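Heads up: the structure comes next, in structure tokens.
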Amino acid sequence: MTDDTGGFDSGAFGRQGRPDFLPAPERAAGLGPGWGPPPPFPPPFPPPPVRTAPPARFSLALALVVALVAGAAGSAGTYLLTRPPSGTDPSYRLSTVPSGATTRPPDSVAGVAARVLPSVVSLEVKGNQEAGTGSGFVIKGGYIVTNNHVVAVAAQTGEIRIRFNNRKSTTAKIVGRDPNSDIAVVKPEHTFGAPEITLGNSDSVVVGDPVIAIGSPLGLSGTVTTGIVSSLNRPVEAGGETGSDYALINAIQTDAAINPGNSGGPLVNASGQVIGVNSAIATLGSGAALGQQTGSIGLGFAIPINHVRRVAQELITTGSARTSRIGITVDTQYQGPGVRIAAGTSGGEPAVTPGGPADKAGLKPGDIILEIDGQPVDDSRELIVTIRNKAPGDQVKLKFRHDGDEKTAKVTVTAAPAPTAHPS
């Protein structure tokens with residue numbers, strides 16, 4: 001059945017008598033008369049929002065952010081695709097080496113060492129069955145001062161080779177040696193232009209002065225260590241342990257590192273002047289593994305240069321050195337304060353040498369020496385090293401006790417008979 005609806009079901013129409021959806025007529029060239037879009041829907045539906053174009057500045061910033069993000073992502077992707085698999089970076093570079101000078105102030109440790117090192121040598125000594133190394137330094141005339149215990153193994157037959165700071169070497173011969181002071185002088189065949197070292201004044205040294213030790217510890221030539229003067233007038237045994245190599249020295253104590261091989265090398269002050277000859281160290285015992293002495297524990301000892309100066313000069317001029325004495329024999333069994341002169345004879349010799357310095361000053365066997373030049377003496381070693389540190393002709397003031405009374409006397413130091421010289 002048809003009606004004026006044109007064949008459409010009126011029940012499909014909306015509230016206003018129009019269909020919710022009207023299909024386009026078949027073979028329509030246009031939409032035909034009366035055709036149009038459906039009317040707008042009534043509230044409660046809001047009208048569609050109106051879009052406006054963004055400002056130009058916002059568009060530019062957005063484009064820049066997008067470009068940066070895209071560039072970073074591209075770089076990260078490129079790195080991830082091209083990075084070496086091991087984690088190395090072929091393009092990695094550190095900064096270049098900064099420029100710098102090797103010169104140092106002359107009063108610095110480096111400045112002093114630079115001046116002194118050309119005058120310091122190492123000694124390689126060989127005997128019939130022994131060999132060793134030591135140190136020394138060049139003095140006036142091209143002579144070299146070292147320790148007696150360094151060259152003693154070559155005293156009769158052997159060889160001494162001197163190695164200079166410029167690494168040139170030559171042989172040398174003993175000019176003279178003094179076991180009582182542990183000082184020796186040798187003469188090299190050539191010095192290769194090595195300058196003489198400057199000798200200082202050990203009497204002007206005080207505790208706390210900075211010092212530098214230079215030598216060849218363990219054969220390592222040109223080694224420099226620093227420290228201070230930690231004490232003065234230390235009675236120390238140096239050289240060999242027995243026989244004629246035994247020496248008692250009135251030492252300068254230092255905490256500068258001194259090790260085997262430093263023996264004979266210079267101990268210099270902050271001006272580069274020699275104030276002592278490194279000769280001995282205190283140790284804590286023997287090395288368990290090697291059966292040798294341990295190294296430095298901060299207690300090194302040097303022979304004062306004023307004493308060395310006199311001995312070296314005598315060795316060069318006469319081949320031997322005199323040992324200072326006052327003509328007494330001490331009682332080594334005495335345990336009280338001071339030092340007691342022996343009461344009887346020793347080895348057939350009287351306790352006080354007749355006509356000797358002590359005899360002339362009025363000292364008698366059994367007297368107890370309490371002070372030398374105002375300084376108390378606690379044992380025989382202090383007395384011996386103090387007298388040996390004096391030159392023949394020097395005077396000392398002794399305070400002593402005789403039969404319970406304290407007395408003073410001035411004693412002129414003399415020299416023991418010089419031993420026969422045996423230069424080689």
Side-chain angles (χ1 to χ4, degrees), residues 180-182 202-203 205-208 229-239 241-242 246-255 276 279-283 299-304 306-307 323-416:
N180 288 324
S181 64
D182 196 26
S202 52
D203 288 343
V205 174
V206 298
V207 173
V229 173
S230 51
S231 188
L232 295 170
N233 303 316
R234 287 290 195 202
V236 174
E237 298 177 8
E241 296 180 356
T242 59
Y246 171 80
L248 267 177
I249 60 176
N250 194 32
I252 298 171
Q253 180 181 308
T254 178
D255 65 350
S279 300
I281 58 173
T283 66
L299 292 172
F301 304 97
I303 306 170
N306 288 4
H307 183 58
T323 301
S324 298
R325 66 173 190 172
I326 58 174
I328 63 171
T329 300
V330 299
D331 180 1
T332 58
Q333 303 301 316
Y334 174 70
Q335 298 295 322
V339 178
R340 185 167 67 185
I341 301 174
T345 61
S346 176
E349 296 292 329
V352 178
T353 304
D359 183 42
K360 292 180 179 179
L363 279 79
K364 304 297 181 183
D367 287 353
I368 299 173
I369 300 174
L370 303 173
E371 294 180 3
I372 299 180
D373 292 333
Q375 296 297 320
V377 288
D378 294 328
D379 56 44
S380 59
R381 299 199 325 164
E382 284 191 4
L383 176 65
I384 292 171
V385 297
T386 302
I387 297 300
R388 286 186 178 181
N389 201 45
K390 303 293 183 179
D394 288 349
Q395 277 194 337
V396 293
K397 184 179 180 180
L398 298 183
K399 182 178 182 180
F400 63 99
R401 182 181 293 117
H402 175 75
D403 291 339
D405 297 328
E406 291 189 359
K407 298 183 177 183
T408 59
K410 288 186 177 180
V411 180
T412 301
V413 177
T414 61

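In this text, all values refer to a predicted model and were calculated from it rather than measured experimentally.
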Donor-acceptor under 3.5 Å (Asp373 side chain, Lys397 main chain): yes
Contact check, side chains of Gln253 and Leu299, non-hydrogen atoms, under 4.5 Å: yes
Qualifying residue, where the test is side chain to side chain contact (heavy atoms under 4.5 Å, CB included) with Arg388 and the options are Ile249, Val413, Leu248: Leu248
Within-4.5 Å side-chain heavy-atom neighbours: Val339 and Ile368: no
Gap between atom CG of Asn389 and atom CD1 of Ile303 - 0.5 Å precision: 10.0 Å
Ser380 side-chain N/O to Thr332 backbone N/O, donor-acceptor pair under 3.5 Å: no
Nearest heavy atoms of Ala361 and Val411, plus distance in Å: CB-CG2, 3.6 Å
Set of side-chain hydrogen bond (donor to acceptor under 3.5 Å, both in side chains) partners for Asp255, sequence neighbours left out: none
Side-chain touch Thr386/Val396, heavy atoms, less than 4.5 angstrom: no
Closest non-hydrogen atom pair, Phe301 against Ala282: CE1-N, 3.8 Å
side-chain contact (heavy atoms from CB on, under 4.5 Å) against Asp203, all qualifying residues, sequence neighbours excluded: Asn201, Asn306
Worked check of side chain to side chain contact (heavy atoms under 4.5 Å, CB included) between Leu398 and Ile372: CA-CA 5 Å; Leu398 298 183; Ile372 299 180; 3.6 Å; yes
Side-chain touch Asn250/His307, heavy atoms, less than 4.5 angstrom: no
Test item: Arg340 and Asp367 side chains (from C-beta on) under 4.5 Å apart, heavy atoms: no
Main-chain N/O of Gly355 paired with Asp359 side-chain donor or acceptor, under 3.5 Å: yes
Heavy-atom check, side chain of Ile252 versus side chain of Leu232, under 4.5 Å: yes
Side chain proximity check, Lys364 to Ile341, heavy atoms < 4.5 angstrom: no
Considering all heavy atoms, the nearest Glu237-Ala280 contact: O-CB, 4.2 Å
Straight-line distance of Ile328 CD1 to Leu383 CG, nearest 0.5 Å: 5.0 Å
Ala415 to Pro392 - nearest heavy-atom pair and separation: CB-CG, 3.7 Å
Pairwise distance CZ(Phe400) to CG(Leu363) - rounded to 0.5 angstrom: 4.5 Å
Separation between OG1 of Thr414 and CZ of Arg325, rounded to the nearest 0.5 Å: 5.0 Å
For Val236 against Ala251, the heavy-atom pair lying closest together: CG2-CB, 4.0 Å
Atom pair CD1/CG of Ile387 and Asp394 - distance to nearest 0.5 Å: 9.5 Å
